[in-house]
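Inspection log for the structure reproduced underneath, given as structure tokens.
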Amino acid sequence: MRTAGRINAEALAAAYTAARPGATTADLNAAAEEVLKKYGVYSPFYHYPGPYPYPASTTVSVNNELVHGIPSKRKLHEGDIVSVDCGTVYEGFVADSAITAGVGQISPEAQKLLDVTRKSLFVGIEKMVAGNRIGDVSSAVQQYVESHELYVTREYTGHGVGRQMHEGPQVPNYGQPGRGMLLRAGMTIALEPMVLVGTAATRVLADEWTVSSQDNSLTAHYEHTIAVTPDGPMILTVLADGRSPWEVSGHHQEKTI
Ligand code: MG
Ligand code: MG
């Protein structure tokens, strides 16, 4: 899974770097796919069952689109924010991770959304310690996001990941401390805060895959696959040097909140 995670991080870094004004959402998918192809691996997203088999290796979701956007000829414009979610299967083991990138200069509102969503992921990861419960992770994400007057989705959740992309347990981005399944060393979980500016409500668009905020407000999504170990949480979806895919040089958007 660590190898799957490294390859996946490289694919997402390529998509992140490709997120520039004038690029299409299909260009971002192609950048990620090229990396998967180089390693001779594939994405579990391709032909994932749904209203119809999912047609691409990544999902690419722009602005109000929260998750599951289908890559297309849609062009990105200065000021857009674009989320890319990608999975990798390596020797039967799966890694799952997502990033959100600003396209050129973005508004302070959009920057705050990205910063809070990314930080909420790490606030949750800190709670992924053996002996804690899923609710400790979920509530930490929720409280951090809501303390910044943003909203977490109720309809889509993080999840166990391993031989399949979606395994138990579900890991919501909201919950109660001390509740839910006990975390034990050896568990591997995809934690993925999905955050909205306007309300928590979502709707599915006419293509039957893309999930938008119901009020069309901006949304963001970051995801890592993490192993619970005796020494604490270990993030598996990082580059060989330990950086997250959005920390690639020249396009780094880390800001202090
Ligand atoms: Mg994902
Ligand atoms: Mg996931």
Side-chain angles (χ1 to χ4, degrees), residues 1-2 4-16 19 25 28-29 31-33 35-36 41-50 54-62 65-71 81-90 93-101 114 117-118 120-122 124-125 128 134 137-138 141 152-175 181 187-196 202 204 209-211 219-228 233 235-238 244-246:
M1 283 182 70
R2 199 208 295 257
R6 278 185 191 152
I7 296 170
N8 204 63
E10 209 175 301
L12 281 175
Y16 191 80
T25 57
L28 274 56
N29 179 69
E33 234 170 34
V35 173
L36 301 186
V41 297
Y42 67 96
S43 168
F45 290 26
Y46 188 66
H47 281 186
Y48 195 86
Y54 188 75
S57 298
T58 67
T59 64
V60 185
S61 311
V62 183
E65 297 171 357
L66 177 65
V67 287
H68 305 170
I70 300 173
I81 55 174
V82 58
S83 303
V84 183
D85 195 338
C86 186
T88 294
V89 184
Y90 176 81
F93 287 91
V94 182
D96 183 15
S97 177
I99 61 167
T100 302
L114 299 198
T117 308
R118 188 180 59 249
S120 76
L121 171 60
F122 289 94
I125 289 172
M128 295 180 70
I134 295 290
V137 178
S138 300
V141 171
V152 288
T153 182
R154 300 298 194 273
E155 290 127 328
Y156 302 91
T157 71
H159 49 90
V161 53
R163 292 185 185 274
Q164 302 291 326
M165 180 163 62
H166 292 132
E167 299 182 353
Q170 283 198 347
V171 185
N173 295 307
Y174 66 97
M181 187 183 282
M187 290 176 78
T188 45
I189 286 171
L191 184 64
E192 48 182 317
M194 291 163 254
V195 176
L196 305 87
T202 63
V204 177
W209 273 106
T210 309
V211 177
T219 68
H221 179 206
Y222 285 84
E223 177 181 28
H224 267 314
T225 294
I226 300 110
V228 178
I235 303 175
L236 302 176
T237 36
V238 286
S244 291
W246 52 85

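In listed order, ligands and their atoms are each counted from 1.
Within D96, the N, O or S atom at minimum distance from the Mg ion (ligand 1) carries the name OD1. Of all N, O or S atoms in D85, the one lying closest to the Mg ion (ligand 1) is OD1. For E223, the N/O/S atom at the shortest distance from the Mg ion (ligand 1) is named OE1. For E192, the N, O or S atom with the smallest separation from the Mg ion (ligand 2) is OE2.
With S244 contributing its side chain and V238 its backbone, the two residues share no donor-acceptor pair below 3.5 Å.
The closest side-chain donor-acceptor pair between T225 and D96, if any, does not fall under 3.5 angstrom. A donor-acceptor contact closer than 3.5 angstrom is absent between the side chains of H68 and T59. Y156 and H221 are not linked by any side-chain donor-acceptor pair at a separation below 3.5 angstrom, with hydrogens and angles left out of the test.
The Mg ion (ligand 2) has an N, O or S atom of H159 closer than 2.8 Å.
L196 has its side chain within reach of T202: a pair of non-hydrogen atoms, C-beta onward, lies under 4.5 Å apart.
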